[in-house]
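All values derive from a computational prediction rather than experimental measurement.
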Amino acid sequence: MTIGKKSLLTLLIIFTGLLITFVQTFAWPDAGKSKQDKAYEYDFQLNYWNEEVHKKFDNLRSSEVVNRLLSYEGERVVDSRFFHDIHEYHFLIKELMRVLKFKSKVSINLLGDMVQLNEKGLQHVPEMSKVSSDVYEFDTLLQEFDEREKRLETFLPELVSSFKYEENMSSDKKVELTVKQMELFLELYTDEALFVTQKTDPFLLVRALGNISYITLGNYKKVLAGYNKQVSIEDSYKKSILILLALLSVYFSALIVLKTEVELASYEVSVNDKTYNVSIKT
């Protein structure tokens, strides 16, 4: 059974259409779909919250509570003035931590966008290991930030409760509270999480988080550029395949239309009462 030209052309069109559909749908689905650069938006947000952080620092520096908490000689006198100062200092630090948390969320959003771009974008970033180490450093700083925030929430209530004496309290209980008070005062003046110590720089974390935020923004720009470059390359691949399929379709269509195989048609012809079989090429 011989398939006619029209049938062959129909089959060729169907087959080529299926191939083109497959390439369009499954081959490099992100080809040509570049991502919008949101660096300006993120930069604006970082600058805004950075300014807010500086304002909170200025409020902290202009307050006298820090000097009163740190500048004492001999024994630490715990009176109503001390508790007023510690409450005010606690409030100022929490305000600083609050705006710093908002600023960190901007960087977290940046990281979220980078994760979506990493698979295609990182391969075009020369310092890939540096980007990974920056992400690890940021994660470490965020963990330290969370630990400090949690301790700030619990420290002041513990300190206040350690000075609450109940009536008819036993000597052992009083000793226990005294020990607790000493432990809390030692923590207050030595633990960086409470931002009072003078032995180290308790605000190093604040500055480190500020620096890593802008480093993260720079890494986002690099990864985004790498991603857009990769999808552009994939778009070139896809277009090349589609053009090749189109050319092959035209080529095979021409072969079908201009096919040279011999098709024979037989006829019986009578001449002078004699019958002859005649074959004609078509």
Closest heavy-atom pair and its distance - [X], [Y]:
{"X": "Ala39", "Y": "Leu217", "result": "O-CD1, 3.9 Å"}
{"X": "Leu184", "Y": "Leu159", "result": "CD1-CA, 3.6 Å"}
{"X": "Ser162", "Y": "Gln181", "result": "O-NE2, 2.7 Å"}
{"X": "Leu60", "Y": "Tyr89", "result": "CD1-CE1, 3.8 Å"}
{"X": "Lys222", "Y": "Val125", "result": "O-CG2, 3.7 Å"}
{"X": "Leu92", "Y": "Val65", "result": "CD1-CG2, 4.2 Å"}

Run the side chain to side chain contact (heavy atoms under 4.5 Å, CB included) test on Tyr214 and Asn50 for me, step by step, so that the C-alpha distance in whole Å, both residues' side-chain angles and the decisive distance to 0.1 Å come before the verdict. CA-CA 10 Å; Tyr214 287 99; Asn50 192 51; 3.8 Å; yes
Residues Glu51 and Lys55 bridged, charged N to O under 4.0 Å: no
Any salt bridge linking Glu52 with Lys103? Criterion: basic side-chain nitrogen under 4.0 Å from a carboxylate oxygen. no
[Y] and [X], any side-chain heavy atoms less than 4.5 Å apart:
{"X": "Tyr220", "Y": "Asp37", "result": "yes"}
{"X": "Ile86", "Y": "Leu188", "result": "yes"}
{"X": "Val206", "Y": "Phe203", "result": "yes"}
{"X": "Val131", "Y": "Met114", "result": "yes"}

With a 6.0 Å cut-off (strictly less than), is the heavy-atom count around CE of Met182, excluding the residue itself, greater than 12? no
Heavy-atom neighbours of Gln123 CD exceed 12 at 6.0 Å: yes
Could you give the distance from [atom1] ([X]) to [atom2] ([Y]), rounded to the nearest 0.5 Å?
{"X": "Arg81", "Y": "Asp85", "atom1": "CZ", "atom2": "CG", "value": "5.5 Å"}
{"X": "Asn219", "Y": "Ser133", "atom1": "CG", "atom2": "OG", "value": "8.5 Å"}
{"X": "Glu95", "Y": "Leu100", "atom1": "CD", "atom2": "CG", "value": "12.5 Å"}
{"X": "Ser63", "Y": "Phe91", "atom1": "OG", "atom2": "CZ", "value": "11.0 Å"}
{"X": "Ile13", "Y": "Leu18", "atom1": "CD1", "atom2": "CG", "value": "12.0 Å"}
{"X": "Ile93", "Y": "Arg148", "atom1": "CD1", "atom2": "CZ", "value": "9.5 Å"}

Could you check Leu205 against Glu192 for side chain to side chain contact (heavy atoms under 4.5 Å, CB included), going step by step and ending with a plain yes or no? CA-CA 9 Å; Leu205 171 67; Glu192 291 183 0; over 6 Å; no
Apply salt bridge (Lys or Arg N to Asp or Glu O under 4.0 Å) to residues Asp58 and Arg61 and explain how you reach the verdict. CA-CA 5 Å; Asp58 291 339; Arg61 281 194 295 265; 2.4 Å; yes
Do Leu245 and Tyr237 sit in the same hydrophobic cluster, where Ile, Leu, Val, Met, Phe, Trp and Tyr count as joined when their side-chain heavy atoms come under 4.5 Å apart? yes
Same hydrophobic cluster for Phe44 and Val99, using side-chain heavy-atom links shorter than 4.5 Å among ILVMFWY? no
Hey, mind stepping through Phe82 and Phe185 against ring pair (Phe, Tyr, Trp, His ring centres under 6.0 Å) and telling me if it holds? CA-CA 12 Å; Phe82 169 78; Phe185 274 115; 5.5 Å; yes
Candidate pair Asp191 and Val196, rule side chain to side chain contact (heavy atoms under 4.5 Å, CB included), full reasoning: CA-CA 8 Å; Asp191 192 345; Val196 180; over 6 Å; no
Taking only residues two or more places apart in sequence, or in another chain, which ones meet Asp146 in a salt bridge (Lys or Arg N to Asp or Glu O under 4.0 Å)? none
Who pairs with Lys221 by salt bridge (Lys or Arg N to Asp or Glu O under 4.0 Å), at least two apart in sequence or on another chain? none
Using the rule given for side chain to side chain contact (heavy atoms under 4.5 Å, CB included), can you reason through Leu110 versus Tyr42, listing the C-alpha separation, both sets of side-chain angles and the distance that settles it, and then say yes or no? CA-CA 8 Å; Leu110 265 171; Tyr42 283 125; 3.2 Å; yes
Only residue of Thr140, Leu141, Asp139 satisfying side-chain contact (heavy atoms from CB on, under 4.5 Å) with Gln143 is Asp139
Distance-only donor-acceptor pairs under 3.5 Å for side chains of residues 173-180, two or more places apart:
{"residue": "Thr178", "atom": "OG1", "partner": "Lys174", "partner atom": "O", "Å": "2.9"}
{"residue": "Lys180", "atom": "NZ", "partner": "Glu158", "partner atom": "OE1", "Å": "3.4"}

Quiz: residues 224-232 side-chain donor-acceptor pairs under 3.5 angstrom, not counting sequence neighbours:
{"residue": "Asn228", "atom": "OD1", "partner": "Lys35", "partner atom": "N", "Å": "2.8"}
{"residue": "Asn228", "atom": "ND2", "partner": "Lys35", "partner atom": "O", "Å": "3.3"}
{"residue": "Gln230", "atom": "OE1", "partner": "His124", "partner atom": "NE2", "Å": "2.6"}
{"residue": "Gln230", "atom": "NE2", "partner": "Glu234", "partner atom": "OE2", "Å": "3.3"}

side-chain hydrogen bond (donor to acceptor under 3.5 Å, both in side chains), that's the test. Do Thr216 and Ser107 meet it? Break it down for me. CA-CA 7 Å; Thr216 303; Ser107 299; 5.0 Å; no
With salt bridge (Lys or Arg N to Asp or Glu O under 4.0 Å) as the rule and sequence neighbours excluded, what pairs involving residues 107-118 come up? Lys38-Asp113
ring-ring contact (aromatic ring centres under 6.0 Å, His included): which pairs involve residues 155-183, sequence neighbours left out? Phe83-Phe163
With a 3.5 Å distance limit and no angle check, can you tell me whether Thr190 reaches the backbone of Leu186 through a side-chain donor-acceptor pair? yes
So Tyr48 and Asp43, side-chain hydrogen bond (donor to acceptor under 3.5 Å, both in side chains) or not? Walk me through it. CA-CA 9 Å; Tyr48 173 81; Asp43 186 50; over 6 Å; no
